[in-house]
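Okay, structure first, notes after.
As the structure lists them, so they are numbered: ligands from 1, and atoms in each ligand from 1.
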Amino acid sequence: MSRLLELSGLTAGYGGVRALDGLDLHVDEGEFVVLLGPNGAGKTTTMKTVSGLLKPVSGQMRFAGQDLAKVAAWRRPALGLGHVPEGRQIFPDHTVLENLALGGFPTRRRKAETDRRRDEMLEIFPRLAERSSQLAGTLSGGEAQMLAIARALMAAPRLLMLDEPSLGLAPLKVAELFGYLKRLHDERGLTILLVEQQASTALRLADRGYVLERGRVAVEGTGAELREDPRVQAAYLGQLRQEAG
Ligand SMILES: Nc1ncnc2c1ncn2[C@@H]1O[C@H](COP(=O)(O)OP(=O)(O)OP(=O)(O)O)[C@@H](O)[C@H]1O
Ligand SMILES: [Mg+2]
């Protein structure tokens, strides 16, 4: 497998606050990697730094063989970096179809290609097809999250980064959402980096995972290894017990 994303010694922060402190992690082509860790560990900051919303203080970021420091933030989507940020940013006053069309913009593809991908998204997410002319601002939480993901997929990313997509969704909707992510990975080979609080579910989906603490990697391993790791069990004991029971 070839290395798609590689972060080494990444340090970043906000004014005096150091949010990333020598972070090393990688995602290989075709992998499903999950990023865990307590509140404030630096998970969101990691994604913001990779997508260019935040400039690192030091360290290296390589994506698809390129040094990201040399790629402006606005060019990163065209390079294949997809980011569904915390709080699913869709355009509330535009319809579902318009939101999808806006997602296709960074690729500068011809209209025929945009239409083809949009139809593909409506096939993957039948709920969005039913709601295609509804204003995005009136969608339910789960539908809005699907739209945010479909919109990111319109640009045909090589890596899709998702920041807590399950936040605020009812358990059944979370299961549905994770089902979509698993299918996109298994059937379409999509490479995924997922930030998730629901550790045990995420670790069952993922090939590998990292636990961040205070801006660096505290534990890493395969999904199965992390589920067995005493440090992970200590941090997420309630969840793992619940699932065992
Ligand atoms: N805009 C900001 N200004 C100042 N400090 C910030 C800002 N955003 C994040 N931080 C700080 O940076 C650190 C890492 O935050 P980050 O949002 O990356 O954590 P996280 O792992 O995503 O947490 P959560 O699980 O709560 O989403 C925290 O200490 C946080 O308070
Ligand atoms: Mg966060």
Please answer whether the main-chain N or O of [Y] pairs with a side-chain N or O of [X] as donor and acceptor at a distance below 3.5 Å.
{"X": "His185", "Y": "Gly30", "answer": "yes"}
{"X": "Arg117", "Y": "Met154", "answer": "yes"}
{"X": "Tyr210", "Y": "Asp24", "answer": "no"}
{"X": "Arg158", "Y": "Phe63", "answer": "no"}
{"X": "Arg216", "Y": "Asp21", "answer": "yes"}
{"X": "Lys43", "Y": "Leu35", "answer": "no"}
{"X": "Arg18", "Y": "Gly215", "answer": "no"}

Original post:
Glu86: which N/O/S atom is nearest the Mg ion (ligand 2)?
Top reply: OE2
Which protein heavy atom lies closest to [atom], and at what distance to 0.1 Å?
{"atom": "atom 4 (C) of ligand 1", "result": "Tyr14 CB, 3.3 Å"}
{"atom": "atom 24 (P) of ligand 1", "result": "Asn39 ND2, 3.5 Å"}
{"atom": "atom 23 (O) of ligand 1", "result": "Gly40 N, 2.8 Å"}
{"atom": "atom 27 (O) of ligand 1", "result": "Glu86 OE2, 3.2 Å"}
{"atom": "atom 17 (O) of ligand 1", "result": "Thr44 CB, 3.6 Å"}

Does the N or O separation between [X] and ligand 1 drop below 3.5 Å for any pair?
{"X": "Lys48", "result": "no"}
{"X": "Gly42", "result": "yes"}
{"X": "Ala41", "result": "yes"}

Original post:
Does Asn39 bring an N, O or S atom to within less than 2.8 Å of the Mg ion (ligand 2)?
Top reply: no
Subject >> Heavy-atom nearest option to atom 15 (O) of ligand 1, drawn from Thr45, Thr46, Leu212 >> reply: Thr45
Subject >> Selection from Lys43, Arg214, Met47, Glu196 by shortest heavy-atom distance to atom 21 (O) of ligand 1 >> reply: Lys43
Contacting atoms of ligand 1, where contact means under 4.0 angstrom from a heavy atom of [X]:
{"X": "Gln197", "result": "25 (O)"}
{"X": "Ala19", "result": "12 (O), 13 (C), 14 (C)"}
{"X": "Glu164", "result": "25 (O), 27 (O)"}

**OP:** Quick one: pull up CG in Asn99 and CD1 in Ile90 and give me the separation to the nearest 0.5 Å.
**Re:** 5.5 Å
**OP:** Over 60° means perpendicular and under 30° means parallel, so classify the ring planes of Tyr180 and Phe125, tilted if in between.
**Re:** tilted
Original post:
For atom 30 (C) of ligand 1, is the nearest protein heavy atom closer than 4.0 Å?
Top reply: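 No, because not a single protein heavy atom sits under 4.0 Å from atom 30 (C) of ligand 1.
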Subject >> Greater than 12 external heavy atoms within 6.0 Å of Arg116's CZ >> reply: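 Atom CZ in Arg116 is packed in, count exceeds 12.
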